[in-house]
Amino acid sequence: YLRRTHTGRTLEVQTHVLADGSLVRTFSDVTEYAQARRAAEAAAEAKAQFLANMSHELRTPISSLLGLLRLLEFTPLDATQKDYLRKMDRAGRSLLDLVNDILDLSKIEAGKMALSAERLVLGEFLRDLQVVGETLRADRALDLRFDIAPGVPSAVLADSLRLRQVMV
């Protein structure tokens with residue numbers, strides 16, 4: 001066990017039983033180790049707090065850009081502009097996914113990952129994944145198809161963000 005002295009030092013106290021039944025107690029000064037551990041824990045907490053605060057600041061402008069790109073789709077564009085728009089949308093979504101993954105990793109490290117249970121309409125969710133699959137298919141020989149078996153409910157409770165990350 002650890003014990004603090006009146007001078008502020010941290011000692012690790014261990015008791016060992018010898019073969020003849022007598023006890024040997026050792027005291028090791030682990031003050032520097034204890035201080036380093038507290039500093040590391042404080043740094044990890046500061047990192048987690050920073051990433052939690054940055055979450056909103058990073059996601060909001062990326063989401064705004066993706067929304068503006070979506071609005072731009074409804075304007076007259078030539079074929080080259082449409083191609084550029086698709087590529088920008090794909091790059092923006094990849095960036096948003098990367099930011100989400102980094103932030104989720106920090107949440108997992110901090111032990112603060114929480115899943116949400118929200119209503120997920122399976123058909124809509126799979127159509128969104130189909131769009132992602134089509135962008136992947138442009139780079140690879142991939143044909144992504146979804147078939148929903150009869151009897152599967154049309155809506156379920158799930159964490160759509162985490163499920164999407166796993167599926168992608």
Side-chain angles (χ1 to χ4, degrees), residues 10 30-168:
T10 303
V30 293
T31 304
E32 289 180 24
Y33 166 77
Q35 289 171 340
R37 183 177 178 164
R38 284 192 295 273
E41 288 170 351
E45 179 60 32
K47 175 184 135 189
Q49 198 64 24
F50 172 78
L51 288 173
N53 291 338
M54 289 305 296
S55 171
H56 179 71
E57 281 73 12
L58 291 171
R59 287 179 178 145
T60 300
I62 295 171
S63 296
S64 296
L65 288 172
L66 291 173
L68 291 170
L69 289 174
R70 186 132 305 164
L71 291 175
L72 194 56
E73 288 177 10
F74 298 108
T75 64
L77 300 170
D78 63 34
T80 302
Q81 291 170 324
K82 287 180 183 179
D83 181 52
Y84 290 163
L85 183 65
R86 279 192 298 274
K87 289 176 180 174
M88 287 188 305
D89 183 67
R90 204 174 329 150
R93 290 187 186 288
S94 294
L95 180 59
L96 186 58
D97 288 343
L98 178 63
V99 167
N100 286 333
D101 288 345
I102 290 169
L103 295 171
D104 286 347
L105 180 61
S106 70
K107 286 180 187 176
I108 291 169
E109 286 177 355
K112 296 183 179 180
M113 174 60 78
L115 298 177
S116 64
E118 57 196 39
R119 186 173 185 271
L120 175 75
V121 178
L122 214 46
E124 292 174 12
F125 178 76
L126 294 177
R127 275 191 294 281
D128 289 345
L129 283 178
Q130 187 75 35
V131 171
V132 173
E134 287 176 11
T135 61
L136 293 174
R137 192 173 58 147
D139 301 334
R140 298 177 185 96
L142 175 68
D143 189 20
L144 183 61
R145 296 183 188 167
F146 295 105
D147 292 316
I148 301 174
V152 172
S154 62
V156 295
L157 288 178
D159 186 323
S160 61
L161 175 65
R162 302 306 180 293
L163 184 57
R164 184 173 187 268
Q165 288 173 338
V166 169
M167 296 293 289
V168 170

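Applying the salt bridge (Lys or Arg N to Asp or Glu O under 4.0 Å) test to every pair with at least one member in residues 149-159, sequence neighbours left out, gives these pairs: Asp159-Arg162.
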Exercise. Kindly indicate, with the supporting measurements, whether the criterion salt bridge (Lys or Arg N to Asp or Glu O under 4.0 Å) is fulfilled by Arg93 and Asp89.
Key: CA-CA 6 Å; Arg93 290 187 186 288; Asp89 183 67; 3.1 Å; yes
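Residues meeting the side-chain contact (heavy atoms from CB on, under 4.5 Å) test with Ser63, sequence neighbours left out: Leu96. In this view, Lys87 and Asp83 satisfy the side chain to side chain donor-acceptor pair (under 3.5 Å) rule, not counting sequence neighbours. Scanning for side chain to side chain donor-acceptor pair (under 3.5 Å) contacts around Ser160 gives Glu118, with sequence neighbours left out. Partners of Arg70 according to the side chain to side chain donor-acceptor pair (under 3.5 Å) rule, which considers only residues two or more places apart in sequence or in another chain, do not exist here. Residues passing the side-chain contact (heavy atoms from CB on, under 4.5 Å) test with Phe146 are Leu126, Leu129, Gln130, Leu144, Met167, sequence neighbours excluded. Every side-chain contact (heavy atoms from CB on, under 4.5 Å) that Leu71 has, sequence neighbours left out, goes to Leu68. With sequence neighbours excluded, no residue forms a side-chain contact (heavy atoms from CB on, under 4.5 Å) with Asp147. For Glu32, there are no side chain to side chain donor-acceptor pair (under 3.5 Å) partners at least two apart in sequence or on another chain.
Minimum interatomic distance between Met88 and Leu69 (heavy atoms only, all atoms of both residues): CE-CD2, 3.6 Å. Across Leu163 and Ala158, no two heavy atoms sit closer than the pair CD2-CB, 4.5 Å. Closest approach of Leu72 and Leu77 over heavy atoms only: O-CD1, 3.6 Å. Across all their heavy atoms, Glu73 and Leu85 have their closest contact at CG-CD2, 3.4 Å.
With hydrogens and angles disregarded, no donor-acceptor distance shorter than 3.5 Å links the side chain of Glu124 to the backbone of Val121.
Counted within 6.0 Å of CZ on Arg37, heavy atoms from surrounding residues, nucleotides or ligands total 12 or fewer; the atom is thus considered open.
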